[in-house]
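In this text the structure is predicted, and so the values were computed from the model without any measurement.
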Amino acid sequence: MKLATSAQMKEMDRIAIEERGIASVTLMEHAAEGIVAAVQELWEARADRFLPQASGEVVLNQQRFPVESGAGNNGKRAAVFVGPGNNGGDGVAAARLLANGGWEVRVFLVGDSSKLTPDCAAMAARLPEAGLSLQPFPTDMSELCGLYAWCAGCAVFVDALFGVGLCRDVSGLFAAAIALMNSYETIPTVAADIASGLSADTGKVLGIAVHAAVTVTFSLAKPGHFADQGSLYTGKLIVHDIGIPDEILWQQELTDETIDAQFVREILPKRQPDGHKGTFGKDYILAGSVGFTGAPVFAARACVRTGAGLVTLGVPESVYPIVAGKCMEEMPYPLPDCCGKLASGAYGAICEKVEGASAVLLGPGLGRSEESDALVCRLIEELPQSLVVDADGLNALGAHIDRLRRRAGRVTVLTPHDGEFARLGGDLGRMSRMEAARAFAQEYGCILVLKGHRSIVAAPDGRVAINTTGNSGMAKGGSGDVLSGMVLALLGQGAGAFEAACAAVWLHGHAGDLAAAQRGEYSMTPSDLLDQIAPAILTLL
């Protein structure tokens with residue numbers, strides 16, 4: 001799914017209105033129709049849970065207030081919270097449509113009425129048609145408590161405080177309105193375009209944000225719906241067509257997208273019916289050390305499970321018996337070591353085995369030593385093959401990042417988590433994860449897989465993809481080793497570097513979701529993840 005930034009959406013709106021002559025209030029009416037449809041869908045799907053309290057009380061600031069029931073309209077009561085901008089205009093129009101459809105509605109303006117945009121003011125002027133008026137969000141404590149009591153009888157809230165242009169922390173009455181919507185766990189909120197308080201471009205929470213049950217976004221989804229914390233606040237995402245012509249939408253250079261099943265299905269390497277083991281990649285893995293014998297096995301098994309034809313696994317001699325005892329399909333062999341970690345004398349033996357390899361993985365469980373780090377950095381600089389660098393390979397590279405520049409023109413995929421990314425020089429302090437990943441990939445000419453909740457894949461040409469699969473049960477040692485093996489396998493089968501990384505990340509997360517469904521997030525293990533790679537791939541075939 002292609003994603004549009006706030007600046008791109010602003011430009012699309014401008015072209016539609018100024019160059020194509022589409023009335024802005026027409027676009028607003030269409031947006032309101034999408035909001036109302038989402039509210040109605042919620043009502044029809046969950047009416048039994050929307051029945052408001054007929055009695056009870058709200059406690060606020062140590063004062064008790066009786067709940068004002070919404071049972072008079074069969075429980076169809078909605079509170080619409082709007083700002084003075086055009087996003088607020090969407091909400092005002094939706095309030096009118098809801099009232100005309102039999103809902104009991106109150107519309108609360110948060111902010112200065114003198115700052116209403118022309119379109120928002122035009123929609124406010126039509127409220128009397130439905131017997132409504134724009135009410136100021138209360139500042140008096142007793143009035144606020146009364147609002148809380150009335151809202152307790154609501155079936156749904158509509159959040160139209162901010163649009164996609166928010167770029168500062170939320171405060172004052174806006175924060176109070178968001179806090180009100182969030183305070184009722186059983187009353188869902190439908191957000192207009194994006195949950196108020198989220199950055200549309202980064203997914204960061206700007207102080208406080210609405211926990212939406214449903215977000216109705218307009219024309220195209222935004223990065224903030226998926227990235228960072230955005231996916232936790234967006235709820236169900238509905239992309240609603242408001243009438244901007246397709247040619248306007250697609251004439252923008254949309255470099256951001258999500259990774260979904262269709263995306264992966266289209267790029268997954270096809271299996272040739274007459275292929276042999278060499279056809280599907282001869283992959284090489286350099287991994288393992290004393291105390292870290294699981295990592296090389298996880299990476300190698302994942303590589304085989306993801307379709308690799310031949311997998312050679314080089315490990316320090318001192319751990320070779322342990323690793324060899326766990327490998328059946330993979331081909332481990334011993335390398336010279338020093339104190340349980342690779343020695344510099346392993347270079348020649350590695351180069352001999354690597355020759356003819358389709359792709360190479362360096363790093364899982366290697367440990368750290370002066371000799372091992374020097375060896376890894378030398379290989380990163382010299383190997384001509386497509387290369388995946390993970391774990392201690394990344395840590396070794398962090399102190400010698402110039403080696404990465406010297407790989408210019410060759411395929412390099414780095415798979416750090418946030419901590420490893422920081423050691424590589426990634427700037428997560430001043431930039432969002434998306435922005436930092438993009439900047440790093442462009443600066444060093446590599447594919448960067450920034451692992452974590454909603455992993456991000458960035459390419460040197462500026463493309464960024466956000467993963468949509470995975471769960472917290474994958475946050476266990478060994479899961480990253482599985483991912484690096486999967487990336488290696490797809491590279492070895494001839495997938496493009498960006499495409500291989502995207503497909504591996506999605507399949508890895510999907511396998512994790514299947515494992516969680518079977519074992520639960522608490523108890524699932526990286527071994528369970530491995531077992532679900534095959535079912536994950538089968539869902540695409």
Side-chain angles (χ1 to χ4, degrees), residues 1-16 27-28 30-32 34-35 38 83 85-91 158-170 178 189-244 246 248-260 263 431-438 450 453-458 462-468 502:
M1 179 191 295
K2 289 292 186 179
L3 307 174
T5 65
S6 57
Q8 288 170 330
M9 282 309 312
K10 183 178 180 180
E11 176 62 9
M12 292 177 206
D13 286 342
R14 185 198 68 77
I15 294 171
L27 299 177
M28 191 168 282
H30 291 163
I35 296 167
N86 281 349
N87 186 254
D90 298 336
V158 174
D159 159 35
L161 295 176
F162 300 110
V164 296
L166 183 67
C167 58
R168 65 185 185 281
D169 280 1
V170 179
I178 292 174
T189 297
V190 174
D193 218 0
I194 192 163
S196 290
L198 284 182
S199 164
D201 292 342
T202 70
K204 283 190 172 182
V205 172
L206 301 174
I208 184 174
V210 169
H211 281 278
V214 178
T215 296
V216 181
T217 197
F218 309 127
S219 301
L220 292 168
K222 318 304 185 291
H225 293 133
F226 300 94
D228 210 298
Q229 296 163 290
S231 64
L232 304 178
Y233 287 78
T234 295
K236 177 185 177 181
L237 182 65
I238 298 172
V239 181
H240 180 67
D241 179 8
I242 62 172
I244 297 177
D246 287 346
I248 295 177
L249 301 179
W250 304 120
Q251 73 183 29
Q252 295 287 321
E253 186 179 356
L254 303 175
T255 58
D256 300 338
E257 60 189 317
T258 59
I259 311 170
D260 55 24
F263 181 107
M431 292 187 279
S432 70
R433 297 180 82 242
M434 282 184 67
E435 294 166 332
R438 192 193 324 264
L450 186 55
H453 174 71
R454 292 292 183 257
S455 293
I456 292 167
V457 182
R463 286 179 295 167
V464 169
I466 307 170
N467 189 38
T468 56
C502 288

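Taken to the nearest 0.5 Å, the OG1 atom of Thr5 stands 5.0 Å off from the CG atom of Asp201. Atoms CG and NZ, on Leu254 and Lys2 in that order, are 6.5 Å from each other to the nearest 0.5 Å. One finds the CG atom of Asn467 at 7.0 Å from the CZ atom of Arg454 (value rounded to the nearest 0.5 Å). Taking NE2 from His30 and CD1 from Ile35, the interatomic distance works out to 13.0 Å, rounded to the nearest 0.5 Å. The distance from atom CD1 of Ile259 to atom CD1 of Ile456, rounded to the nearest 0.5 Å, is 9.5 Å.
In this structure, the side chains of Thr255 and Val464 stay at 4.5 Å or more apart for every pair of heavy atoms. Between Val205 and Leu232 the shortest side-chain heavy-atom distance does not fall below 4.5 Å. Counting heavy atoms from C-beta on, the side chains of Ile178 and Val170 come closer than 4.5 Å. The closest side-chain heavy-atom distance from Ser231 to His225 is not below 4.5 Å. Arg168 has its side chain out of reach of Leu206: every pair of non-hydrogen atoms, C-beta onward, lies at least 4.5 Å apart.
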Which atom pairs, one a donor and one an acceptor, fall under 3.5 Å between side chains of residues 190-197 and the rest of the protein, sequence neighbours left out?
residue	atom	partner	partner atom	Å
Asp193	OD1	Thr217	OG1	2.7
Asp193	OD1	Phe218	N	3.2
Asp193	OD1	Lys222	NZ	3.2
Ser196	OG	Asp159	OD1	2.6
Ser196	OG	Asp159	OD2	3.2
Ser196	OG	Phe162	N	3.2

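With sequence neighbours excluded, no residue forms a side chain to side chain donor-acceptor pair (under 3.5 Å) with Gln229. Annotation: side chain to side chain donor-acceptor pair (under 3.5 Å) contacts of Gln252 (sequence neighbours excluded): none. Here Arg438 pairs with Asp256 under the salt bridge (charged side-chain N to carboxylate O under 4.0 Å, His left out) rule; sequence neighbours left out.
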Side chain to side chain contact (heavy atoms under 4.5 Å, CB included) between His240 and Ser219, intermediate numbers included: CA-CA 6 Å; His240 180 67; Ser219 301; over 6 Å; no
Intermediate values then yes/no, side chain to side chain contact (heavy atoms under 4.5 Å, CB included), Leu3 and Leu220: CA-CA 6 Å; Leu3 307 174; Leu220 292 168; over 6 Å; no
Trace of the side chain to side chain donor-acceptor pair (under 3.5 Å) decision for Thr468 with Asp260: CA-CA 6 Å; Thr468 56; Asp260 55 24; over 6 Å; no
Test log, rule side chain to side chain contact (heavy atoms under 4.5 Å, CB included), inputs Thr215 and Ile238: CA-CA 6 Å; Thr215 296; Ile238 298 172; over 6 Å; no
Audit row: Ile244, Leu249, side chain to side chain contact (heavy atoms under 4.5 Å, CB included) steps and yes/no: CA-CA 7 Å; Ile244 297 177; Leu249 301 179; 3.7 Å; yes
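Contact between Ala465 and Cys502 at its shortest, heavy atoms only, is CB-SG, 3.8 Å. Residues Glu253 and Gln8 share a closest heavy-atom pair of O-NE2, 2.9 Å. Between Ala32 and Asp90 the shortest heavy-atom distance is CB-O, 3.7 Å. When all heavy atoms are compared, the tightest approach of Thr202 to Glu435 is CG2-OE2, 4.0 Å. Residues Leu27 and Gly243 share a closest heavy-atom pair of CD2-C, 4.2 Å. Residues Val214 and Ala38 share a closest heavy-atom pair of CG1-CB, 4.2 Å.
Applying the salt bridge (Lys or Arg N to Asp or Glu O under 4.0 Å) definition to pairs two or more places apart or across chains, none involves residues 203-221. Within the structure, salt bridge (Lys or Arg N to Asp or Glu O under 4.0 Å) pairs that include any residue of residues 226-236 comprise Glu41-Lys236 (at least two apart or interchain).
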